[in-house]
Amino acid sequence: MDSLEILKQTMRQFAEEREWDQFHSPKNLSMALAGETAELLDCFRWLTEEASYQLDESQTQAVKEELADVLLFTVRLADKLNIDLMAAAEQKIEKNARHYPIDKVKGSAKKYNQY
């Protein structure tokens with residue numbers, strides 16, 4: 001089993017032991033994921049670009065915890081929808097490679113429909 005599969009099983013067991021599965025609908029999990037993503041964004045609020053690379057220990061810990069929350073809710077949502085996250089990520093990378101060919105986008109932040 002890969003680490004993502006182990007994490008999925010761990011999250012499933014965690015929810016089952018607490019009888020939380022009843023609350024883990026795709027709608028609720030996606031809303032929770034959005035909330036955690038907002039908390040991650042809040043860690044960087046008002047920081048300059050440079051400061052966002054130079055977090056102190058407390059800021060780094062907060063980012064670490066929010067990233068973990070985002071990951072955990074993502075894994076749980078994928079599990080509830082029977083989505084293989086690794087396969088989905090690989091497919092998305094392939095799609096992005098088609099949308100963003102190196103010769104057209106290298107060094108550019110333009111979206112694929114802007115070039």
Side-chain angles (χ1 to χ4, degrees):
M1 246 192 291
D2 65 18
S3 55
L4 198 53
E5 182 64 26
I6 292 168
L7 184 57
K8 179 177 81 171
Q9 296 297 333
T10 301
M11 289 299 299
R12 187 183 292 169
Q13 181 179 350
F14 187 90
E16 287 172 358
E17 290 172 346
R18 289 156 181 78
E19 297 183 358
W20 288 353
D21 203 51
Q22 62 184 315
F23 308 117
H24 287 184
S25 67
K27 177 195 75 72
N28 288 349
L29 289 168
S30 64
M31 292 172 66
L33 177 58
E36 295 302 336
T37 303
E39 290 179 18
L40 176 60
L41 288 170
D42 197 47
C43 293
F44 295 97
R45 186 187 313 224
W46 312 122
L47 297 182
T48 64
E49 285 287 320
E50 184 177 325
S52 72
Y53 285 102
Q54 300 172 0
L55 303 177
D56 64 25
E57 189 175 322
S58 170
Q59 291 169 310
T60 299
Q61 183 62 33
V63 169
K64 186 189 311 184
E65 290 178 13
E66 297 311 330
L67 282 170
D69 286 340
V70 168
L71 175 62
L72 295 173
F73 276 114
T74 299
V75 168
R76 187 73 178 129
L77 178 58
D79 183 28
K80 295 301 283 188
L81 294 173
N82 297 311
I83 293 172
D84 179 336
L85 276 176
M86 290 305 293
E90 289 169 4
Q91 291 167 2
K92 186 62 176 180
I93 290 169
E94 290 171 8
K95 183 177 181 178
N96 285 343
R98 289 190 305 275
H99 281 179
Y100 299 99
I102 295 169
D103 64 323
K104 291 187 178 181
V105 301
K106 190 171 186 174
S108 172
K110 290 181 180 178
K111 191 169 176 164
Y112 64 88
N113 62 357
Q114 295 177 317
Y115 59 84

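If you're wondering where the values come from, they're calculated on a predicted model, not measured in any experiment. Side chains included, hydrogens not; waters and symmetry mates left out as well; all remaining heavy atoms used.
Side-chain contact between Leu77 and Ile83: absent, with no pair of heavy atoms (C-beta onward) separated by less than 4.5 Å. With contacts defined as side-chain heavy-atom distances shorter than 4.5 Å, the pair Asp79/Arg76 qualifies. Proximity of Thr10 to Val75: side-chain heavy atoms (C-beta onward) are nowhere separated by under 4.5 Å. The shortest distance between side-chain heavy atoms of Lys8 and Met11 does not fall below 4.5 Å. You'll find the side chain of Asp56 reaches within 4.5 Å of the side chain of Gln59, heavy atoms only.
Atom OG1 of Thr60 and atom CD of Glu57 lie 8.0 Å apart (nearest 0.5 Å). Here CG of Asp69 is found 9.5 Å from CG of Leu40. Values are rounded to the nearest 0.5 Å. The distance from atom CG of Asp84 to atom CG of Leu4, rounded to the nearest 0.5 Å, is 8.0 Å. Atom OH of residue Tyr100 and atom CD1 of residue Ile93 lie 14.0 Å apart, to the nearest 0.5 angstrom.
No side-chain donor from either of Gln9 and Gln13 sits under 3.5 Å from a side-chain acceptor of the other.
In this structure, the side chain of Arg18 engages the main chain of Phe14 through a donor-acceptor pair within 3.5 Å.
Other residues, nucleotides and ligands contribute more than 12 heavy atoms inside 6.0 Å of the CG atom of Leu41. Residue Glu50 qualifies as open at atom CD: its count of foreign heavy atoms under 6.0 Å is 12 or below. At most 12 non-hydrogen atoms from other residues, nucleotides or ligands lie less than 6.0 angstrom from CD of Glu19.
Take Gln114 and apply the side chain to side chain contact (heavy atoms under 4.5 Å, CB included) test, not counting sequence neighbours, and it matches Lys110, Lys111. Phe44 is linked by a ring-ring contact (aromatic ring centres under 6.0 Å, His included) to nothing, counting only residues two or more places apart in sequence or in another chain.
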Sequence neighbours excluded and cut-off under 3.5 Å, please list the side-chain donor-acceptor pairs for residues 27-38, or say none.
unit_1 : atom_1 : unit_2 : atom_2 : d
Asn28  : ND2    : Phe23  : O      : 3.0
Ser30  : OG     : Pro26  : O      : 3.1
Ser30  : OG     : Lys27  : O      : 2.9
Thr37  : OG1    : Leu33  : O      : 2.8

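One hydrophobic cluster holds both Leu81 and Phe73 under the rule that ILVMFWY side chains link at heavy-atom gaps under 4.5 Å. If you chain together hydrophobic residues whose side chains sit under 4.5 Å apart, Leu71 and Leu67 never meet in one group.
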Stepwise salt bridge (Lys or Arg N to Asp or Glu O under 4.0 Å) check, Asp21 with Lys80: CA-CA 9 Å; Asp21 203 51; Lys80 295 301 283 188; 2.8 Å; yes
How far apart are the C-alpha atoms of Glu65 and Gln61, what are their side-chain angles, what is the distance that settles it, and do they pass the side-chain hydrogen bond (donor to acceptor under 3.5 Å, both in side chains) test? CA-CA 6 Å; Glu65 290 178 13; Gln61 183 62 33; 2.9 Å; yes
